[in-house]
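Report on the following structure.
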Amino acid sequence: MEVSHPPCLAPSFVCSQDRRAMLARSAVLNQSGPTEFVFRVFTTVPGFQALLFLLFLLLYLMILGGNMAIIWVVCTHSSLRTPMYFFLCNLSFVEICYTTVVVPLMLSNIWGAQRPIPLAGCGAQMFFFFTLGCSDCFLLAIMAYDRYVAICHPLHYTLIMTQKLCVQMVVCAVGLALLLSLQLTSLIFTLPFCGHLREINHFLCDVPPVLRLACADIRVHQAVLYVVSILVLTVPFILISVSYVFITSAILRIRSAEGRRRAFSTCSSHLTVVLLQYGFCALVYLRPQSSSSVDEDRQFALIYTFVTPLLNPLIYTLRNKDVKGALKKAMGSKGTAEAL
């Protein structure tokens, strides 16, 4: 913002003081933080906009339907009230909230005009997205530990995985995610952002693209982001890897070839979700940031925003005999009730 300076008719020393005051006010206006952010559009072609809107809407509805079906089946069938399905129910709830924080605003920006998001709204979205993402990663690690106990110590499974311990692990996972997210978000939004309206090269207020808009030294903030990312991604991934090493060793000792095949099939499905979630998150949060990685970050974020939340219900329903049986029983009883 440029400020015009009217001619000064007062004595010279008064004029110089007035000009310094105007320059100071101009600098304050130029460096004042933005009141709103806008997201960069995927495309400006109307036909592609409609296609992307329908595609993302369909994926979102499938995510909601699949995860809500898991929650409903687990809550209504007593045979599924085990630690494994308790964790799966919590994971599905987190996945629903995780995508809902992002997708509705994303769809509104694709379909209509480019809508700005207030500074406070951007901070709230970042906080909830990061909290739910961290909870997702921690729950995947907890579920791997549950499978380790079930396969490697089947006789002590009920003694180890008590209901109290399961609840405590979920509460600790969510509590740690809240703590890390609150500290990181508050640290980032203490930074100054120059200009009145700034464009985020993303479809959500994620940490790396928002950091790029800061007009200050962000080396400390990037270091904090790396430390938090290591705690959220690297440590749980190592625990999952160790669990599956023991699980694989136990599976290889199974005498039945059919039993080994089914166990490996289930484990490979779980590991596919884990590798997608942790792998693409690591590419966004742990690699050095550069100008060439800006557009790639947005593409990678589509994977852990849409693909992994959709794969979880598919893997745990289509490849799970107990859940499929409960769904068939529920559908059968519903059909019988309607016939009566």
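Just so we're clear, the structure is a prediction, and the values are computed from it rather than from any experiment.
For the pair V167 and F86, the minimum side-chain heavy-atom distance is below 4.5 Å. P209 is not listed as a side-chain neighbour of D297, based on a closest heavy-atom distance of 4.5 Å or more. Taking the side chain as every heavy atom from C-beta outward, F203 and L302 approach each other to under 4.5 Å. Residues L176 and C134 fail the side-chain proximity criterion, which asks for heavy atoms closer than 4.5 Å. You'll find the side chain of R198 stays beyond 4.5 Å of the side chain of V38, heavy atoms only. In this structure, T185 and V207 have side chains that are not in contact, with every pair of non-hydrogen atoms separated by 4.5 Å or more. With a 4.5 Å cut-off on side-chain heavy atoms, M169 and K164 do not count as touching. A 4.5 Å side-chain heavy-atom check between V307 and L276 finds at least one atom pair inside the cut-off.
Between Y304 and F280, the ring center distance fails the sub-6.0 Å criterion.
The closest side-chain donor-acceptor pair between Y98 and N67, if any, does not fall under 3.5 angstrom. Side-chain contact check for Y85 and H77: no donor-acceptor pair (N or O, by modelled atom type) lies under 3.5 Å.
Under a 3.5 Å cut-off, the side chain of E36 and the backbone N or O of P118 do not form any donor-acceptor pair. Side-chain atoms of S249 do not come within 3.5 Å of backbone N or O of V245 as any donor-acceptor pair. For the pair S181 (side chain) and A177 (backbone), a donor-acceptor distance under 3.5 Å is absent. For R298 (side chain) and R40 (main-chain N/O), a donor-acceptor pair under 3.5 Å exists by modelled atom type. A donor-acceptor pair under 3.5 Å is formed between the side chain of D217 and the backbone N or O of R219. Formation of a donor-acceptor pair under 3.5 Å by the N109 side chain with backbone atoms of V41 is not found in this model. A donor-acceptor contact shorter than 3.5 Å links the side chain of S108 to the backbone of L105.
Scanning both residues, S229 and Y285, for their nearest heavy atoms gives OG-CB, 3.3 Å. When all heavy atoms are compared, the tightest approach of P104 to T99 is CD-O, 3.9 Å. Minimum heavy-atom separation, T305 to I63: O-CD1, 4.2 Å. Nearest heavy atom pair, residue L213 against residue I200, reads CD1-CG1, 3.6 Å. Pairing each heavy atom of T308 with each of E95, the nearest pair is O-OE2, 4.3 Å. Y244 and L271 make their closest contact through CD1-CD2, 3.7 Å (heavy atoms, listed as atom of the first residue, atom of the second, distance).
Between the CD1 atom in I188 and the CD1 atom in I218 there is a gap of 9.5 Å [rounded to 0.5 Å]. Once rounded to the nearest 0.5 Å, the distance linking CD1 of I247 with OH of Y145 reads 11.5 Å. A distance of 8.0 Å separates CG of L55 from CZ of F306, quoted to the nearest 0.5 Å. Between atom CD1 of residue I240 and atom CD of residue Q277 there is a gap of 9.5 Å, rounded to the nearest 0.5 Å. Atom CG of residue L204 and atom CZ of residue F39 lie 6.5 Å apart, to the nearest 0.5 angstrom. Between I110 atom CD1 and L52 atom CG the span is 5.5 Å, to the nearest 0.5 Å.
Sulfur-to-sulfur, C75 and C89 sit at least 2.5 Å apart at their SG atoms.
Within 6.0 Å of CZ in F93 there are 12 or fewer heavy atoms belonging to other residues, nucleotides or ligands. No more than 12 heavy atoms of other residues, nucleotides or ligands lie within 6.0 Å of CD in Q163, so this atom counts as exposed by the packing criterion.
Using a 30° and 60° split on the angle between ring planes, Y278 and F237 fall in the tilted class, from 30° to 60°. Ring orientation note: the planes of F193 and F37 are nearly perpendicular, at an angle over 60° on the 30°/60° scale.
Salt-bridge annotation for R212 and D206: absent, with no side-chain N of the basic residue lying under 4.0 Å from a carboxylate O of the acidic one.
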Discussion item. Is there a disulfide (SG to SG under 2.5 Å) between C205 and C122? Walk through the geometry before answering.
Written reply: CA-CA 6 Å; C205 286; C122 186; 2.1 Å; yes

Discussion item. Apply side chain to side chain donor-acceptor pair (under 3.5 Å) to residues Y60 and T100 and explain how you reach the verdict.
Written reply: CA-CA 8 Å; Y60 180 55; T100 302; 3.0 Å; yes

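Under a hydrophobic clustering in which Ile, Leu, Val, Met, Phe, Trp and Tyr are joined whenever their side-chain heavy atoms come within less than 4.5 Å, directly or via other members, V174 and V171 fall into the same cluster.
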